[in-house]
2 protein chains.
Amino acid sequence: MTPYVLVVEDEDALATLLHYNLEKEGYRVSLAADGEEALTQIDEQLPDLIVLDWMLPKVSGIEVCRRLRGRAETRNVPIIMLTARGEETDRIRGLDTGADDYIVKPFSMIELTARIRAVLRRIRPGLAEDRTRQGDLTIDRVSHRVKREGREIHLGPTEFRLLDYFMQHPGRVFSREQLLDAVWGSDVYVEARTVDVHVGRLRKALNLDTEIDPIRTVRSAGYALDVDS
Amino acid sequence: MTPYVLVVEDEDALATLLHYNLEKEGYRVSLAADGEEALTQIDEQLPDLIVLDWMLPKVSGIEVCRRLRGRAETRNVPIIMLTARGEETDRIRGLDTGADDYIVKPFSMIELTARIRAVLRRIRPGLAEDRTRQGDLTIDRVSHRVKREGREIHLGPTEFRLLDYFMQHPGRVFSREQLLDAVWGSDVYVEARTVDVHVGRLRKALNLDTEIDPIRTVRSAGYALDVDS
DNA sequence: CAGCACTGTAAAAAAACTGTCACAATAATG
DNA sequence: CATTATTGTGACAGTTTTTTTACAGTGCTG
């Protein structure tokens, strides 16, 4: 059974983005726009994990969190908090809230899915994938290692996240803008052409030994990871 | 058969943390949020060891302890008490309670698992691992000795616990925060950068003879212990 | 109480990584 | 084949992150 994730977020654009991306990640996703709605939905069907915005209309995120922790049947549902930078971070860090993890906006999809995987792994080991293989490429998110044909490959943080994203959606073409959103974060501003440079760096690292380039350039569209399978 | 540990703890965050870590340690783990629930669960299946919070709602830890000691079938189940600093420590120290050991919060995971191993060793010798080998590194938790390629290596207490933790999860990357939680203790407040210094000290001690550094730095993520396997 | 071993912090030094740009190379188009 | 649009690349300056070093404080031991 695929994990069921409830996203509680009032800002519409972000909610849609999360819905879209988590669904693509293979989760069943449901949205709630405020705390009240969230609680109703949770009563209807118990999620496997909740992504919860800190600031919410009607019933605040922290209040939702407390209420869930107070009830036996929801006590063990993992919660990941979404907070803006500097927003009472210390308090969350201390986990007084009872949240299992938190993530500071702006965040990249890669980062969020990594957290979700980590939390789900605690609850339902075996559900969350730690390692992905595509052709001769292997990426291990726990040990942070990338291998090609068994050879270890060193990547910088950005190249690692970039490859991670590609590996999760093999064959699919992404525009520079999509990659920026997914890998850099939804409201980070960097030049679109920067993606080219990082793709270049990723290629260089990947193809030190081989001459077959797993990354395909799609002119006037973007890039994709190809693997003959 | 892997040992079955019952954790009785009302504070949710700590309970989750314990559950997660002990499970990873290879134990079968069950949680109870108060004394009543604990007693019910114990009736259902007799644990090999109980980790019991001193302060509990409904039936207090000490009461649970007394009742277990009063019944023949539970008399010999080892109990490790969890107490806050200064919390009637003397009385526990005297072991009037019948607990086999106690540990004062905040404690590190390393510390707790060491106690659990020690107690289990008394009951079921051979079950608890005293020694771990990874590549050319050996750590012996009973004699508190570390060797590399047979050469004895002296480590300070913190470096020892740090290496211990790494050895228990080889290859895996830990953030500074995770290491602080696991090695220093869940609510000790020290600067995250301090981890760097101790990793540095550990490296220095480990690499006196060799030039191969078993500790890998993962930029913007943390550290991992690597062993060619 | 002096000496020693160990801690945590802070600050300096080193290393790794980023984002941009300018220009080169390549592909598409008519 | 010349032109235009798009992508690749090397250099670089700036930033972030890690490593190293120094130091002051603590607690233990003889």
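In the text below, chain A, chain B and the rest are named by the order of the sequence lines, each starting its count at 1.
Checked against A:H198 for a ring-ring contact (aromatic ring centres under 6.0 Å, His included), the options A:W184, A:F166, A:Y223, A:F160 give a single hit: A:W184. The only option from B:D53, B:L82, B:L31 that meets the side-chain contact (heavy atoms from CB on, under 4.5 Å) definition with B:L18 turns out to be B:L82.
For the pair B:W184 and C:dT7, the criterion of a side-chain N or O lying under 4.0 Å from OP1 or OP2 is not met.
Closest contact between the side chain of B:E191 and the listed nucleotides C:dT9, C:dT18, C:dT20 involves C:dT9. Comparing atom distances between the A:E159 side chain and each of C:dT9, C:dG19, C:dT18 picks out C:dT18 as nearest. Comparing atom distances between the B:V190 side chain and each of C:dC6, C:dT20, C:dG8 picks out C:dG8 as nearest.
Rounding to the nearest 0.5 angstrom, the gap separating the CG atom in B:N21 from the CD1 atom in B:I110 is 9.0 Å.
Checked by atom type and distance alone, the side chain of A:T16 pairs as donor or acceptor with a backbone atom of A:D12 at under 3.5 Å. Using modelled atom types, one side-chain atom of B:T194 and one backbone atom of B:E191 make a donor-acceptor pair closer than 3.5 Å.
Along DNA chain C, the nucleotide nearest to B:V188 and the one nearest to A:P157 differ in position, and the one closer to the 5' end is contacted by B:V188.
A salt bridge does not link B:R145 to B:D140: none of the charged side-chain nitrogens sits closer than 4.0 Å to a carboxylate oxygen. Residues A:D164 and A:R161 are not paired through a salt bridge, judged by the lack of any N-O separation under 4.0 Å between the basic side chain and the carboxylate. With respect to the salt-bridge test (charged N to carboxylate O, under 4.0 angstrom), the residues B:K147 and B:D136 do not qualify.
Counting heavy atoms of neighbouring residues, nucleotides and ligands inside a 6.0 Å radius, atom CG of B:D209 exceeds 12 of them. Within a 6.0 Å sphere centred on CZ of A:R151, heavy atoms belonging to other residues, nucleotides or ligands number more than 12.
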Can you name the atoms? Protein N/O to nucleotides 24-30 of chain D N/O, anything below 3.5 Å, with the distance.
none

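Computed from coordinates, the A:D213 CG to C:dT26 C1' distance equals 15 Å when rounded to whole Å. Between the CG atom of A:L179 and the C1' atom of C:dT18 there is a distance of 17 Å, given to the nearest Å. If you measure from atom NE2 of A:H198 to atom P of C:dC21, you get 14 Å, rounded to the nearest angstrom. C:dT20 atom C1' lies 14 Å from atom CG of A:L180, rounded to whole Å. Taking atom CZ on A:F160 and atom P on C:dA16, their separation rounds to 18 Å, with Å as the unit. Atom pair B:L155:CG and C:dA5:P shows a separation of 15 Å (rounding to whole Å applied). Atom CG of B:L162 and atom C1' of C:dG8 are 14 Å apart (whole Å).
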Walk along nucleotides 3-20 of chain D from 5' to 3' and tag each nucleotide B, S or - by protein heavy-atom contact under 4.0 Å, base first, then sugar-phosphate.
--BBBB-SB----BBBB-
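The shortest non-hydrogen separation linking B:V119 to B:P78 is CG1-CB, 3.3 Å.
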Map every base of DNA chain D to its dot-bracket character, where paired means a Watson-Crick or G-U wobble contact with both distances under 3.5 Å and | marks a partner outside the strand.
||||||||||||||||||||||||||||||
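Ring-centre distance between B:Y165 and B:F174: below the 6.0 Å cut-off.
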